[in-house]
There are 2 protein chains.
Amino acid sequence: MGSEERGEMPARRVQRTEGRERLNRARVLETAIRLADEDGIEKLSMRRLGDELGVEAMSLYNHVSNKEDLLNGMIDALYGEIDLPVHDESWKTALRKRSVSVRAVLLRHPWANGLMDSATHAGPSTMRHHDRVLGTFRNGGFSLAMTAHAFSALDSYVYGFAKQEKALPFDSGEEAAAMAHVMLGQLPAGEYPYLHELMAKHVLRPGYSYAEEFAFGLELVLDALERAKDSTAEGKA
Amino acid sequence: MGSEERGEMPARRVQRTEGRERLNRARVLETAIRLADEDGIEKLSMRRLGDELGVEAMSLYNHVSNKEDLLNGMIDALYGEIDLPVHDESWKTALRKRSVSVRAVLLRHPWANGLMDSATHAGPSTMRHHDRVLGTFRNGGFSLAMTAHAFSALDSYVYGFAKQEKALPFDSGEEAAAMAHVMLGQLPAGEYPYLHELMAKHVLRPGYSYAEEFAFGLELVLDALERAKDSTAEGKA
DNA sequence: ACCTGAACACCGTTCAAGT
DNA sequence: ACCTGAACACCGTTCAAGT
């Protein structure tokens, strides 16, 4: 079957898929990211991705070695979206901006954070990102050991916050407030007195937004790193 | 329906499934946790879990409403494994121990962290855990607003660290060192100078262990929270 | 009340075959 | 070089049926 298709080929080749670019890895990755953003990562299958690209699922294997490779590629592409720290600012300003950018990327692509710990093979954008962060600490006067400490502490906080933020059933906005209200009603005050207090007197305040906690913790960590750096610098000087 | 069950009951009931306990939710959850620990969460299917329990997959639906409920139940069971902060110690000591316990649980069950942000419906163990952590801050002299800050910052760090730790291709031990050596060889020093430096002069040191970074960052955050608490307390007093 | 068998609508991936 | 169709070995979940 399929041999009926042969016959005379026109001298000038017809665009095989008219009006549609040929498939390539970048197009596969960006479409996969869009699908994950729109419908959630659990709905992203090779078959759905193929459909979206006007191609059979099996064609994807020409551009991606398997689904794990697809997911790793998506993560690396997201690292490309993060603003790199710039070198003509203080380490603190540069890394504050970078951290805000990381969080913005994770808000845009909520499925990504949960995938990052299984993405063992770091791609080039990921490596470049980490290299620039390390460089920012080193050029800011951090010793090598203190750079390792600082890198770990800062990124633990930043990625951890994004994770907490996602897990929270409330955030801000009206529907969230309504939901928090319902939750409060179901919460046995006797059994969980402190949760009850937090919900009743803090979370249900008019202007409440969990998102604002990010800045507090970020400043807390950056200030603490600055102090840690200075104290060891004094010790050595 | 169900009225067919009436009739004469034998005086002594026969064990229905000989030598095997009857299925119940707790047994389903603990078996699922064990399977996830042993073979990884991606291998945990309703069918495999049924097999392990000597039952068809469909029987599980009598004890769990669907797979999401199963996963939520597993997460809540893990919260039961975490040592609660004890009230007769200082907030700092109590929360240090609790944080170490959280990390230990996440090391024992590496699949759990990635699931927590999708586990929207917190179970009773989860609620109790959070309530006790909040209570520890409150009784330690933190204002309600500062408790919210502290809770967010501390747990962002703790869960974030566990996440980073899992993502890292090296940790400690001999095979890890060998792997780091290979990675270093493949790392273009010109393109990633700071990554190269960190690997060559820090990670490949004989006694290196990323795990030790946990304590540094934990102390950093706890100390910073103590300072933040005291400075607002002064402001108010 | 709890368990099962068959079925449905999906998965990721392989392989040989097509152009 | 890239794409496809058929097939394999799986999924989660439903439903009617059994005890």
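Within every chain, numbering begins at 1; the chains are lettered A, B, ... in the order of the sequence lines, protein sequences first and strands thereafter.
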Is the shortest distance from a Lys or Arg side-chain nitrogen in [X] or [Y] to a carboxylate oxygen in the other one below 4.0 Å?
| X | Y | answer |
| --- | --- | --- |
| B:Glu52 | B:Arg34 | yes |
| A:Glu81 | A:Arg108 | yes |
| A:Asp69 | A:Arg25 | yes |

When the distance from [atom1] of [X] to [atom2] of [N] is rounded to whole Å, what number comes out?
| X | N | atom1 | atom2 | result |
| --- | --- | --- | --- | --- |
| A:Leu23 | D:dA1 | CG | C1' | 13 Å |
| A:Leu53 | D:dC3 | CG | C1' | 13 Å |
| B:Asp51 | C:dT4 | CG | P | 11 Å |
| A:His63 | D:dC2 | NE2 | C1' | 7 Å |
| B:Leu60 | C:dC3 | CG | P | 9 Å |
| B:Glu56 | C:dT4 | CD | C1' | 6 Å |
| A:Arg27 | D:dC2 | CZ | C1' | 14 Å |

Consecutive Watson-Crick or G-U pairs in runs of at least 3, all under 3.5 Å, in which DNA chain D is involved: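 Listed by first number, the stems are C:4-8 with D:12-16, C:12-16 with D:4-8.
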
Polar atoms only, N or O, under 3.5 Å: list the protein pairs with nucleotides 9-13 of chain C and their distances.
| unit_1 | atom_1 | unit_2 | atom_2 | d |
| --- | --- | --- | --- | --- |
| C:dC11 | OP1 | A:Ser45 | OG | 3.0 |
| C:dG12 | OP1 | A:Met46 | N | 3.3 |
| C:dG12 | OP1 | A:Lys67 | NZ | 2.8 |
| C:dG12 | OP2 | A:Met46 | N | 2.8 |
| C:dG12 | N7 | A:Arg47 | NH1 | 2.3 |
| C:dG12 | O6 | A:Arg47 | NH2 | 3.1 |
| C:dT13 | OP2 | A:Tyr61 | OH | 2.8 |
| C:dT13 | OP2 | A:Lys67 | N | 2.9 |
| C:dT13 | O5' | A:Tyr61 | OH | 3.3 |

Check against side-chain contact (heavy atoms from CB on, under 4.5 Å), A:Leu154 and A:Tyr159: CA-CA 9 Å; A:Leu154 179 61; A:Tyr159 291 95; over 6 Å; no

Within 45° cone of B:Tyr192 ring axis and under 6.0 Å: A:Arg128 NZ or CZ: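 Output no; distance or angle outside limits.
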
Side chains of B:His129 and B:Arg98, donor plus acceptor under 3.5 Å: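 There is such a pair (donor and acceptor under 3.5 Å, judged by atom type) between the side chains of B:His129 and B:Arg98.
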
Whether A:Thr31 side chain and A:Arg27 backbone form a donor-acceptor pair below 3.5 Å: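 Such a contact is found between A:Thr31 side chain and A:Arg27 backbone.
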
For A:Asp51, all residues meeting salt bridge (charged side-chain N to carboxylate O under 4.0 Å, His left out), sequence neighbours excluded: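 Testing A:Asp51 for salt bridge (charged side-chain N to carboxylate O under 4.0 Å, His left out), a comparison that skips the adjacent residues, returns none.
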
